[in-house]
There are 2 protein chains.
Amino acid sequence: MSKEFVVAVCGATGAVGQEMLKVLEQRDFPYSKLIPMASARSAGKKVMCKGEEHTVVEMKEDSFEGVDIALFSAGGSTSEKFAPCAAKSGCVVVDNSSAWRMNDECPLVVPEVNPHDLDWHKGIIANPNCSTIQMMVALKPIHDEARIKRVVVSTYQAVSGTGQKAIEELENQVRRLMSGQPVVADVYPHQIAFNCLPQIDVFMDNGYTKEEMKMVNETTKIMGDPTIKVTATCVRVPVFYGHSESVNIETEEKLTADDVRALLAKSPGIIIEDYPEKKAYPMPINAAGEDATYIGRIREDETIENGLNMWIVSDNIRKGAALNTIQIAETLIERDLVRVP
Amino acid sequence: MSKEFVVAVCGATGAVGQEMLKVLEQRDFPYSKLIPMASARSAGKKVMCKGEEHTVVEMKEDSFEGVDIALFSAGGSTSEKFAPCAAKSGCVVVDNSSAWRMNDECPLVVPEVNPHDLDWHKGIIANPNCSTIQMMVALKPIHDEARIKRVVVSTYQAVSGTGQKAIEELENQVRRLMSGQPVVADVYPHQIAFNCLPQIDVFMDNGYTKEEMKMVNETTKIMGDPTIKVTATCVRVPVFYGHSESVNIETEEKLTADDVRALLAKSPGIIIEDYPEKKAYPMPINAAGEDATYIGRIREDETIENGLNMWIVSDNIRKGAALNTIQIAETLIERDLVRVP
């Protein structure tokens, strides 16, 4: 990694953009120049990275001349508009929105799972959905070892996945309820404080939400295996940071709970936290701010021949977004792929 | 229901006991005399029912002379000690603890599901676990119609299931966090505010919690069908009232989502709330204080031949405890079973 790169962070003032700057600093990402970009509304703001102050510039179609890598977290429509301009300028885009994920021209990558898919990129690489990423980190070693046939997942997702305004909404609702005041729901369709909302993103015609279908469709693309069947129920819970997932797995071949613990313990990006006797298991408050995907409550499910249950927790803003995006950029550098073919 | 009965509420000062008094009043339960009982510590306290004040008396072995029906919610060990004394005195016990649930001599009853099991009672009837009750209300009509083979359930359980002290713990933790103070966990092993705890009750040798195994074992007893396989992951979430469940079901015969909606809409104790276009689905804040089991997010699961997903929410203190107990007592009266054989 001796070469250094001109890096743009697009959407630098949002929750994920801010976390990207933090991760670039923490991992000492090899940039020669950092260009934070955002909409006209945020242009002129100051952001910090590696001890230096940078002024946010407005993202325009010609902003990407001379940029090597653009890390996008600016929403789907902005990404649809600007990512192709960036790629046309010879800049490799790693995009955190859902705009390019299911596009056949764009690899969808979790570096621990399918780094090889970066080899065929054409300028735009998609970062998967937060709930999908942490599940992929956990499932890939199991799939390699025993072939996963079916997954039933129920999520417990933090409000930070919706963005900064949702974090403020949960906090405001809690404060109002605690002082006996009526609650206003603005970001979410209903009160999130002390509640569970079984809706994340919009509803599709089949009755599933878009978030649930992302978990179904992104899984087969990332795993490179259309035979893995996933059914999902995605639920927002009153947690600030950290998505949790209750995952039931059916495999072709038998794995005991001990097999799974041993297998995952040596797999990348995973920390096993599975000590019932110590009441130790993954929890969102512990995963917040951390890089790893935490896995616990690993049990054999005796209701089917080769069944497993587990509980997967990770920081949705880090591994679920900013960290995975920057790990993709690092992998592009390692594999000498920082150029648009 | 012309006859009136002497009714004891045992554990009258606890969260469920208080709710029992409320339900007795709301349903105008036909008692000629009400005797609230509790431990020596709470004896002398005053409780209200049907506009009258009653003094709590200490529960002793000879307290049940002349009592027709005793509604117990006083914990497992108290119930183990006093329920047999009560039954020996000719008093029919409906017990809300887990002490008698799997005892072959004791029916385990959800009145909408297996009222006929009351016919063979020998003096002690068990009220099922809260998470099991609401799932049974939803699953029974489906099982009757299409035979359920397997259930994968993940729960989102409210702190009120643990009792009054847990309600206070969540509230105190939230207040402290909102004012930047460190949090103390006393009732739960870890902070519950803004967190998810994948542990309810103690761990068993097989890695499952006792709560999870209750859902597995109570289901087959209540349904009277040992072939129904259940695997459960039980999680505590920072919600005050109302348990939610994400339930995946495999049936012998095909049911469409519309079939299930039509079937459940005409089944007892259920309100269907399944209007994605209006963002209407069951939520714990709406179920709190209500009698019904709310069901929504009904979808076909295409990953198996006959699969269904649904979201089931009910007030864990009412249908999950106090209401179901009193419905059992009402059904005993209807079936003329208020006597110990």
Side-chain angles (χ1 to χ4, degrees), chain A residues 150-156 158 170-171 174-175 178 189-191 193-199 203 206-209 216 229-233 235 237-242 244 246-248 257 274 276-277 279 281-286 296-304 307 309-311 313, chain B residues 150-156 158 170-171 174-175 178 189-191 193-199 203 206-209 212 216 229-233 235 237-242 244 246-248 257 274 276-277 279 281-286 296-304 307 309 311 313:
Chain A
R150 179 174 181 240
V151 176
V152 180
V153 53
S154 297
T155 70
Y156 303 66
L170 172 57
E171 191 177 331
V174 166
R175 282 193 195 283
M178 285 288 156
H190 309 280
Q191 173 186 323
F194 310 114
N195 198 16
C196 295
L197 301 184
Q199 180 192 356
F203 282 100
N206 65 358
Y208 287 82
T209 59
V216 172
K229 291 171 180 168
V230 177
T231 188
T233 300
V235 181
V237 293
V239 165
F240 285 109
Y241 295 96
S244 307
S246 168
V247 182
N248 181 273
D274 196 13
E277 66 286 3
K279 298 175 182 175
Y281 29 69
M283 296 187 294
I285 55 163
N286 287 350
R297 300 295 331 273
I298 300 169
R299 297 151 285 160
E300 285 152 55
D301 165 12
E302 307 286 355
T303 69
I304 47 175
N309 282 308
M310 60 181 63
W311 175 252
V313 180
Chain B
R150 180 175 180 240
V151 176
V152 180
V153 54
S154 297
T155 70
Y156 304 66
L170 172 56
E171 189 177 333
V174 166
R175 282 193 196 283
M178 285 288 158
H190 308 281
Q191 173 186 322
F194 310 116
N195 199 16
C196 296
L197 301 185
Q199 179 192 356
F203 283 101
N206 65 358
Y208 287 82
T209 59
E212 289 160 355
V216 171
K229 291 172 179 167
V230 177
T231 187
T233 299
V235 181
V237 294
V239 165
F240 285 109
Y241 295 96
S244 306
S246 168
V247 181
N248 181 273
D274 196 12
E277 67 286 3
K279 298 177 184 174
Y281 29 71
M283 297 187 295
I285 55 162
N286 287 349
R297 300 294 331 273
I298 300 169
R299 297 151 284 158
E300 286 152 55
D301 165 12
E302 308 286 357
T303 68
I304 46 175
N309 282 307
W311 176 251
V313 180

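Please read these numbers as outputs of a predicted model, since none were measured by experiment. Chain identifiers are assigned alphabetically (A, B, ...) following the order of the sequence lines, protein sequences preceding nucleic acid strands; residue numbering begins at 1 within each chain. Computed over heavy atoms, backbone and side chain alike; hydrogens, waters and symmetry mates excluded.
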Which one wins on heavy-atom pair count under 4.5 Å against chain B: [options]?
options                                : value
A:Ala257, A:Pro284, A:Ala193           : A:Pro284
A:Ile285, A:Leu170, A:Val230, A:Val239 : A:Ile285
A:Asp274, A:Ile298, A:Val174, A:Thr233 : A:Thr233
A:Thr155, A:Asn286, A:Leu197           : A:Thr155
A:Gly296, A:Gly307, A:Gly242, A:Ser154 : A:Ser154

Quick one: what part of B:Ala232 sits under 4.5 Å from any heavy atom of chain A, side chain, backbone, both or neither? backbone
Mind ranking [options] by heavy-atom pairs under 4.5 Å with chain A and telling me who comes out on top?
options                                : result
B:Pro238, B:Pro282, B:Ala158, B:Pro189 : B:Pro238
B:Val151, B:Asn248, B:Val237           : B:Asn248
B:Glu302, B:Lys229, B:Arg175, B:Met178 : B:Met178
B:Asn206, B:Val235, B:Val216           : B:Val235
B:Ser244, B:Cys196, B:Gly207           : B:Cys196

Let me know if [X] has heavy atoms under 4.5 Å from chain B in its side chain, its backbone, both or neither.
X        : value
A:Glu277 : neither
A:Phe203 : side chain
A:Asn309 : side chain
A:Val313 : neither

Given 3.5 Å as the limit, does a donor-acceptor pair link the side chain of B:Arg297 with the main chain of A:Pro198, or not? yes
Before you tell me yes or no, could you show the steps for B:His190 and A:Tyr281 under side-chain contact (heavy atoms from CB on, under 4.5 Å), namely the whole-Å CA-CA distance, both residues' side-chain angles and the distance that decides it to 0.1 Å? CA-CA 10 Å; B:His190 308 281; A:Tyr281 29 69; 3.3 Å; yes
Of all heavy-atom pairs between B:Glu212 and B:Thr209, which one has the smallest distance, and what is that distance? OE1-N, 2.9 Å
What is the distance from atom [atom1] of [X] to atom [atom2] of [Y], rounded to the nearest 0.5 Å?
X        : Y        : atom1 : atom2 : answer
A:Tyr208 : B:Arg299 : OH    : CZ    : 5.0 Å
B:Ser246 : A:Tyr156 : OG    : OH    : 7.0 Å
A:Glu300 : B:Thr231 : CD    : OG1   : 11.0 Å

